[in-house]
Amino acid sequence: MRTERPDAPAVVDAYADRVAAYVHIPFCRRLCPYCDFAVQVGGDLDGYVGALLVEIAADDPFARPLDAIYVGGGTPTSLAAVRLGEIVAALAERFGLAPDAEVSIEANPEDLDPGTAGDLREAGFNRISLGVQSLDPAVLRALGRAHDPDQAVAALAACRQAFPTVNADLIFGTPGDAGWESSVRGVLDSGIDHLSVYALTVERGTALSRAVASGAPAPDPDDQADAYLLAQSVAEAAGLVRYETSNYALPGYACAYNLITWAQGEYAAFGNGAHRHRGGVRSWNIRRVDRYVERLQTGASAVSNQEHLVGWDREVERVLLGLRRAAGVATGRAGAALLASPAGERLLAAGVIAADDHRLWVAQPLLGDEVAREVLALAPSEC
Amino acid sequence: MTDTSRIRNFSIIAHIDHGKSTLADRLLERTGAIAARDMREQVLDSMDLERERGITIKAQAVRLHYTSPASGQEYLLNLIDTPGHVDFSYEVSRSLAACEGAILLVDAAQGVEAQTLANAYLAIEGGLEVIPVLNKVDLPAADPDRVALEVVGVIGGTPDEVLRVSAKTGEGIDELLEAIVHRLPPPAPAGDGTLRALVFDSHYDVYRGVVCYIRVTDGRVSTGDPLRFMATGEDLPADEVGVLTPKAVPVASLGAGEVGYLITGVKEVERIKVGDTVTRRDRPAKEMLPGYREPKPMVFSGLFPTDGDEFERLREALERLRLNDAALTYQAETSRALGFGFRCGFLGLLHMEIVRERLEREYDLELVTTAPSVAFRVKLAGGSVREVRSPQDLPEQIDRIEISEPMMRVMILTPTEYTGTVMELLQEHRGVMSSMNYLSKERIELVYRVPLAEIVFGFFDQLKSRTRGYASLDYEVDGYAVADLVRVDILLNGLPVDAFSAIVHKEKAEVYGRRLVDRLRALIPRQLFDIPIQAAIGSRIIARETVKAKRKDVLAKCYGGDVTRKRKLLEKQKEGKKRMKMLGSVEVPQEAFIAVLRVDED
């Protein structure tokens, strides 16, 4: 019986010392109009997997085996389960894999029949994250998704059958969404243990941003606030705990990979556009798929750029990431500086943040960026 | 010494873009004053702003030697440049006062514009002989026959007296030079030989101090003479006199009828007044030359550094600008909302814009400008009169008897199809018609008396947009008139923001207040709490809106894949926040202050 509450400070802080690996699969059958990830339709799948295996084999293991693997995209199920299994195996061989490690994969409902679900479980995955987005047909169409509500419900059932842990992604605040509450209830009824709810966001350079620029309705922030709060109350009534701005889990079912990143922990990363955090350095791979493959085929590094965060900047990042969590963050220097600043006083007075003797947290997650900007605006304090 | 009968002093009167600079260049080139290739660097003013705006702020006087091919006779031509914008009409009048003649240059396609007309009238009233010239006759759109009729309709004469040139190709320039020596009169004979010279312009030179441009009317000024400036009472030596060819060339003396420059060693531009009369200290003239006026700022606006620490830098920048711009005035001002800054006086809106742009561009200052105001005259209960240049200084209602506002005589030239539109616009701006004259079947001149306060807010833009750019405008000061004026204050979160206050006509106060409140509501971003925005006259609220507290301000996703990117995004947003001004507990973006300037526009 899993009992760890994901909003408990002691639980989430422990992830700072755990390690993970991320693998990016950039291929999609079609592009969703709101997505700004490093993705493309089709491509040289075999060449790409080959490059991934080269990159994995060339990387250095951590001091401890992996606590989490996350295969995301794109659409990871663009690859056959057996290929995905090879990738997991390569990671396990190079880095080692803890016995209770979380091994996650993202998938779309239209790809997930009971057979595929079983194959993925067989390939070594023990957690699946399904891109349901909505159970309202009009919203699914507006979001350019390939599945319908029935497919989503069926896929959720197949996953539930095959996997010990299942997450559903939902998107709220799509203009005209009249079915938000039934979407939330619907996915919760399927027996999932983890729920991610994301506000539809107009990202630069997407088809959605072009549509909005030429007059299509933009998401309304007040509607989104209502939708966010509705989802929170429905999810909590179902026993899930909000443990990050956009994430809910039953006790014991929080996503280890994400908790590692929010705890400023270390993770390796593989694939085009993938970001890693190792040895105090954040670095990221070249974004274009063909160049990524070419580099690895020629023995070159896939790294495109890096950022070395030290001292105050690193402390600020720790607080920024930690404040995404319901458990908040150990106050530290940046937290103390915030609480001592006029901006911090304003945020406290407005009930946006709260603090006790050694911890600071965001009490109104809908205003989290207001807090984040004030943290970034703080003058560096002495060590 | 030059025989005055061989001297011709003249200006070119032209609308912006009608080709004045090109024509001046061509005259210099044709008279050999300057090689064509050197022209751009030497002749055109080097100030970026002027070149960009197509206007000339500082007049110049260039001496040209011309030999008439017909008679073989040699002449000395002094081309006196005039500023091209309505804000500088006093300077124009002084430049014209230094001349006996003027070239009225009109674009053969566009026809006469209001400014040209106003300056042409100024020249005619000043007794100048005017040679009408059509420029750009080489262009396909040129309609010289029609425009010649229009010109004749304005200044009289016959169409065959209107010359046709192309400054660009040089066509007609020889005929123009002949017309200058034959149609323009030489300087009038001098009086009793007592020195009188008109200062028609001045400018500040880093090495030489203030350079005066003078026209000697009587007597003679020589290097070393002890001089007296009659308006200011300054006694100064003539350190150097000279002429511009256009290079500065020192000469021993300048006699009656001649034009040149004078350097006295004075470093402060405000000690030399344009329009002043120079005489000899030891043998002073009895009377000044007519037409002198103190430069008087018409429009006032508060300039505040966005960053309070920049106040001293702003002071230094204003000091430096003033060296070259005697018409600019400034005094320290404190605003509750904006902190320390300066209340500056300008000749007009363009002047204000130029100063502001120069401060931002040349001195790298970020400024908040408050709504421009005019100088109201307030009769107080005790009977005394106080000048009020800032809404803040308006005495309370019970302490004042009446308010007068400066009035302008506004002349507008428009194609007749827009007559109704223009009349409507002027009525909206409390204008009263004085006269209307048809220049031709297609063009009409409308003359109105309008409060200056009504034209400092976006009037030009409205006129231009409602007449598709065809109407042109000129104005001059026309006294004061009593009006029913009130101060509209804006309260943000319950606190009055002085920078948003304005003195407006009572009948317009409510509309003004409502529009400003609406604008501010759209421009002030939602914050952590509800922000009421109110417009008030005294304690009476005339409009109210609320910026609702923001409810959602958070990125949906922040995962390992984009920690760096999200942080950079937030940092960028934070920079935007820094540029906002804190008024009480409310963050107000710069655009809100600009909104006050634009409140008249829809």
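Quantities reported herein were computed from a predicted structural model and do not represent experimental measurements. Throughout, a chain's letter reflects where its sequence line sits, starting with A, and its residues are numbered from 1.
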[X], [atom1] atom: more than 12 neighbouring heavy atoms under 6.0 Å:
{"X": "A:R314", "atom1": "CZ", "value": "yes"}
{"X": "B:F340", "atom1": "CZ", "value": "no"}
{"X": "B:K548", "atom1": "NZ", "value": "no"}
{"X": "B:R320", "atom1": "CZ", "value": "no"}

Report summary line: Heavy-atom nearest pair, B:Y559 first then A:N247, reads OH-ND2, 2.8 Å
Query raised in the report: Which pair of heavy atoms, one from A:R324 and one from B:A556, lies closest together, and at what distance?
Result: NH2-O, 3.1 Å
Between [X] and chain B, with a heavy-atom cut-off of 4.5 Å, which part of the residue counts as in contact: side chain, backbone, both or neither?
{"X": "A:Q306", "answer": "neither"}
{"X": "A:L321", "answer": "side chain"}
{"X": "A:L309", "answer": "side chain"}
{"X": "A:A350", "answer": "side chain"}
{"X": "A:P342", "answer": "neither"}
{"X": "A:E374", "answer": "side chain"}
{"X": "A:F37", "answer": "side chain"}
{"X": "A:D169", "answer": "neither"}
{"X": "A:V352", "answer": "side chain"}
{"X": "A:I260", "answer": "neither"}

Requested in this report: Look only at the side chain of A:D369 and the backbone of B:L555, and say whether a donor-acceptor pair between them is shorter than 3.5 Å.
Outcome: yes
Requested in this report: Taking the six-membered ring of A:Y198 (Phe, Tyr or Trp), confirm whether the NZ or CZ of B:K557 is under 6.0 Å from its centre and within 45° of its axis.
Outcome: yes
**Report entry** Student check: side-chain heavy atoms of A:H275 and B:V563 closer than 4.5 Å
**Finding:** no
Query - Side-chain heavy atoms of A:D222 within contact of B:R526, under 4.5 Å - result: yes
Between [options], the one whose heavy-atom pairs under 4.5 Å with chain B are most numerous:
{"options": "A:N258, A:V371, A:I171, A:L200", "result": "A:N258"}
{"options": "A:Y22, A:W262, A:Y257, A:Y228", "result": "A:W262"}
{"options": "A:T261, A:V197, A:L367", "result": "A:L367"}

Report task. Using a strict 4.0 Å threshold on nitrogen-to-oxygen distance, state whether A:R373 and B:E571 make a salt bridge. Result -> no
Query raised in the report: Charged N to carboxylate O under 4.0 angstrom, B:K552 versus A:D220?
Result: no
Report summary line: Most heavy-atom pairs under 4.5 Å with chain A, out of B:D562, B:L570, B:V554, belong to B:V554
In Å and rounded to the nearest 0.5 Å, what is the [atom1] to [atom2] distance from [X] to [Y]?
{"X": "A:D226", "Y": "B:R551", "atom1": "CG", "atom2": "CZ", "answer": "4.0 Å"}
{"X": "B:E575", "Y": "A:L376", "atom1": "CD", "atom2": "CG", "answer": "10.0 Å"}
{"X": "A:E307", "Y": "B:T564", "atom1": "CD", "atom2": "OG1", "answer": "4.5 Å"}

Query raised in the report: So A:D313 and B:R567, salt bridge (Lys or Arg N to Asp or Glu O under 4.0 Å) or not? Walk me through it.
Result: CA-CA 11 Å; A:D313 292 338; B:R567 198 188 66 239; over 6 Å; no
